[in-house]
J.: 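Next up is a structure, given as structure tokens.
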Amino acid sequence: MNFTDLTPLAVVLPIFGAALTFMLIRHPKAQQTVSIALLSITLLLEISLLAQVWDGGTVAVKLGAWMPPFGVVLVVDQFSSLMLVVSSAVGLAVLIYATGQGAADGDSEGPVSIFHPTYLILMAGVSNAFLSGDLFNLYVGFEILLTASYVLMTLGGTGPRVRAGVTYVVVSVVSSLLFLIAIAMIYGATGTINMADLAVKLAHLDPGTQTLLHLMLLIAFGIKAAVFPLSFWLPDSYPTAPAPVTAVFAGLLTKVGVYAMVRTETLLFPSEDLNNLLMVVALLTMVVGILGAIAQTDIKRLLSFTLVSHIGYMVFGLALSSKIGLGAAVYYVIHHITVQTSLFLVTGLVERRGGTTSIERLGGLAKLSPLLAFLFFIPAMNLAGIPPFSGFLGKVGLLQAGVDLGTPLAWVLVAGGVAVSLLTLLAIARVWNRAFWRRPEDAEFPDPVLLAGSSNGTKTVLPRMMVGPTIGLVGMGLLLTVFAGPLVQLADASAQEMLQRTSYVHAVLGDEGVAALEQNADTGVKP
């Protein structure tokens, strides 16, 4: 069976689930069952799509039998299918975690009738963005997930969440407006918004026009990906949301922006004109993000700054424009989605056990909850890039690509990447030493609950539906190390496919599109 014919279901199933769960507004248990079941089915479908294109090749699904570049087309290749699988796996784990948290809290953080439909709409928007074969459909995917994220961020209606939500909405609207203006200008200049068609036609534009359109797309996507200096909004927005919402935002939303940047740089504007600019942006994102993390005393804010910092590694690999660099960036994206999400879920458990995420009040958690300490330690070391974890493997690939390029700026990036990795270890070790290792009474502002727990040996039982998904995601992060060989090969193959562009263009436009692409190369038309 050709599972790629079922590609639209990756978007349709979550939307159908959102409608169904909204109809089950008076039946919370049924809502939970439906949302988890449909997201699980979506994950199985996406695994089938990944298996279909694992050995190479790109498949385009034309919706409504409209032929491109006029109709909507969904494109499945190695990169998009891998992103679909990882995002749905992480999304499913967070959904189960949120369900467990809601049951434990009596749904005080927000009504289930709102959360489940909105969450599924968010997942539909993420899937649509990864599959989109034209810029306007990509814009629609962004708007779907952003609209859902506005609701999720303000669940509970507390003052800090509403204030953070306002900032998030304003920044997102500005980003979307820039993207929409860029789409209109691209359509006006080329007469198309199909990305495969643009891969051919953008090359015929005036170089100045190409640069302007290129920059507009990068700025719009850079805001969504939270690259410096467009990342100011993230550390103040994400930590205020409920733990599962923060986790899925950190894991997925910024990576959709990174995904769009990858498509822009490899498919639409494969020239190296802005590579040096991207390298500088990558370095500043890494350095400014980690310096902000070191200054934090709250675990959520610290992790939010490390999130910004490690986006810089992905832009680093993208800016190198090489198979090794892009392949390492693809692998690092997969690693970071998994590890960063698991750390935010563990932080939610820390807040439940210790009553706070301030490292000035925490202490003794390793003794009070050894399992919680283990669940934090593994992804924390992974994030810091300690061998042999996947974070180390991804960084080694990026550093190798930088060394191979050999330019002075590339060497500066290599040095910066090493320094930021060490500073990440410092920030994580600081959290471990204060929150987990030291005695509760040694905290700057000792928490009475932790002091009582330390003295009488009592242990708070964490909900199984919260601990189980967290263990699953931590285990998934370890699997990225165990199966690093085939995953790195897949990442390298996807990088090669994206850099060549012919497979993507052929899947959408056929032989005529490839011939036009090759004619551009033969005639020396600058992409």
Side-chain angles (χ1 to χ4, degrees), residues 39-40 42-43 46-47 50 78-98 122-123 126-127 130 225 238 243-259 303-304 306-311 313-314 317 327-349 374-398 421 424 428 466-488 490-491 494:
L39 198 52
S40 299
T42 303
L43 174 59
E46 291 164 352
I47 291 174
L50 176 59
Q78 291 169 320
F79 186 35
S80 63
S81 59
L82 184 59
M83 293 294 286
L84 284 174
V85 170
V86 175
S87 63
S88 289
V90 167
L92 179 61
V94 173
L95 178 60
I96 298 172
Y97 181 101
L122 177 79
M123 296 306 300
V126 170
S127 296
F130 289 149
Y238 281 13
V245 173
T246 303
V248 77
F249 281 14
L252 298 184
L253 297 198
T254 52
K255 308 312 181 299
V256 178
V258 172
Y259 175 88
L303 290 177
S304 296
T306 62
L307 167 61
V308 172
S309 177
H310 286 249
I311 294 294
Y313 282 101
M314 304 167 204
V330 169
Y331 181 77
Y332 202 82
V333 168
I334 302 305
H335 144 81
H336 197 259
I337 290 174
T338 307
V339 171
Q340 193 79 45
T341 305
S342 60
L343 277 172
F344 272 105
L345 292 187
V346 174
T347 302
L349 296 177
F374 175 79
L375 291 177
F376 179 84
F377 183 81
I378 295 299
M381 292 300 100
N382 203 339
L383 183 71
I386 300 300
F389 294 121
S390 57
F392 171 77
L393 299 176
K395 288 173 183 174
V396 166
L398 292 169
S421 186
T424 302
I428 292 298
M466 296 176 68
V467 175
T470 307
I471 293 175
L473 273 189
V474 172
M476 183 175 168
L478 293 175
L479 289 177
L480 294 179
T481 304
V482 175
F483 296 101
L487 286 174
V488 168
L490 177 64
S494 68

J.: Counting N and O atoms only, with roles assigned by atom type, does the side chain of Q340 sit under 3.5 Å from a partner on the main chain of L383, one being a donor and the other an acceptor?
T.: no
J.: Taking all non-hydrogen atoms of both residues, which atom of L398 and which atom of G317 are closest, and how far apart?
T.: CD2-CA, 3.5 Å
J.: Let me confirm one number: the CE-CD1 distance from M466 to I96, rounded to the nearest 0.5 Å.
T.: 13.0 Å
J.: Are F344 and F249, when compared by the centres of their aromatic rings, separated by less than 6.0 Å?
T.: no
J.: Do the side chains of M83 and I334 get nearer than 4.5 Å, heavy atoms only?
T.: yes
J.: What's the shortest heavy-atom distance between G327 and A491, and which atoms?
T.: O-CB, 3.4 Å
J.: Atom CG in L478, atom CG in L473: separation rounded to 0.5 Å?
T.: 11.0 Å
J.: Would you say K255's side chain and A250's backbone share a donor-acceptor pair under 3.5 angstrom?
T.: yes
J.: Give the intermediate values and the outcome of side-chain contact (heavy atoms from CB on, under 4.5 Å) for residues H336 and L307.
T.: CA-CA 9 Å; H336 197 259; L307 167 61; 3.4 Å; yes
J.: The criterion is side chain to side chain contact (heavy atoms under 4.5 Å, CB included); which residues satisfy it with V308, sequence neighbours excluded?
T.: S231, L234, T285
J.: Would you confirm whether T481, through its side chain, and S390, through its main-chain N or O, come within 3.5 Å as a donor-acceptor pair?
T.: yes
J.: So which heavy atom on V85 is nearest to which on L43, and how close?
T.: O-CD1, 3.5 Å
J.: Do L345 and L349 pass the side-chain contact (heavy atoms from CB on, under 4.5 Å) test, and can you show the C-alpha distance, the side-chain angles, and the key distance before you say yes or no?
T.: CA-CA 7 Å; L345 292 187; L349 296 177; over 6 Å; no
J.: Quick one: does L490's side chain get under 4.5 Å of L50's, heavy atoms only?
T.: yes
J.: Taking ring pair (Phe, Tyr, Trp, His ring centres under 6.0 Å) as the definition, give me every residue that meets it alongside Y313, ordered by chain and number, with sequence neighbours left out.
T.: H310, Y332
J.: Got a sec, which residues hit side-chain hydrogen bond (donor to acceptor under 3.5 Å, both in side chains) with S494, two or more places apart in sequence or on another chain?
T.: none
J.: Applying side-chain hydrogen bond (donor to acceptor under 3.5 Å, both in side chains), can you list everything that pairs with Y238, at least two apart in sequence or on another chain?
T.: none
J.: Within the structure provided, determine whether I386 and F392 are in side-chain contact (heavy-atom separation under 4.5 Å).
T.: no
J.: Please list, chain by chain and in numerical order, all residues satisfying side-chain hydrogen bond (donor to acceptor under 3.5 Å, both in side chains) with T338, sequence neighbours excluded.
T.: none
J.: Quick check: closest heavy atoms across G348 and A243, and the distance to 0.1 Å?
T.: CA-CB, 3.8 Å
J.: Once side-chain hydrogen bond (donor to acceptor under 3.5 Å, both in side chains) is applied, do any residues pair with S88, and if so which ones, sequence neighbours excluded?
T.: E46
J.: If you take all heavy atoms of F130 and Y259, which pair is closest and at what distance?
T.: O-OH, 2.6 Å
J.: Residues two or more places apart in sequence or in another chain: which of them pass side chain to side chain contact (heavy atoms under 4.5 Å, CB included) with P388?
T.: none
J.: If I take atom CD1 from residue I378 and atom CD1 from residue I471, how far apart are they, to the nearest 0.5 angstrom?
T.: 12.0 Å
J.: Specify the closest pair of heavy atoms between S421 and G385, including all atoms of both residues, with the distance to one decimal.
T.: OG-CA, 4.5 Å
J.: Once rounded to the nearest 0.5 Å, what's the spacing between atom OG1 of T254 and atom CD1 of I337?
T.: 8.0 Å
J.: To the nearest 0.5 Å, what is the distance between CD1 (I428) and CG (N382)?
T.: 11.0 Å
J.: Can you list the residues that meet the side chain to side chain contact (heavy atoms under 4.5 Å, CB included) rule with V488, with sequence neighbours excluded?
T.: Y331, D492
J.: Measure the spacing between CG of L122 and CG of L253 and express it to the nearest 0.5 Å.
T.: 5.5 Å
J.: For L479, which residues count as a side chain to side chain contact (heavy atoms under 4.5 Å, CB included) partner, sequence neighbours excluded?
T.: F483
J.: Without swapping roles, check the side chain of T306 against the backbone of L303 for a donor-acceptor pair under 3.5 Å.
T.: yes
J.: Mind running side-chain contact (heavy atoms from CB on, under 4.5 Å) on T341 and V94 for me, showing each step along the way?
T.: CA-CA 8 Å; T341 305; V94 173; 3.7 Å; yes
J.: Using the rule given for side-chain contact (heavy atoms from CB on, under 4.5 Å), can you reason through M123 versus T42, listing the C-alpha separation, both sets of side-chain angles and the distance that settles it, and then say yes or no?
T.: CA-CA 10 Å; M123 296 306 300; T42 303; over 6 Å; no
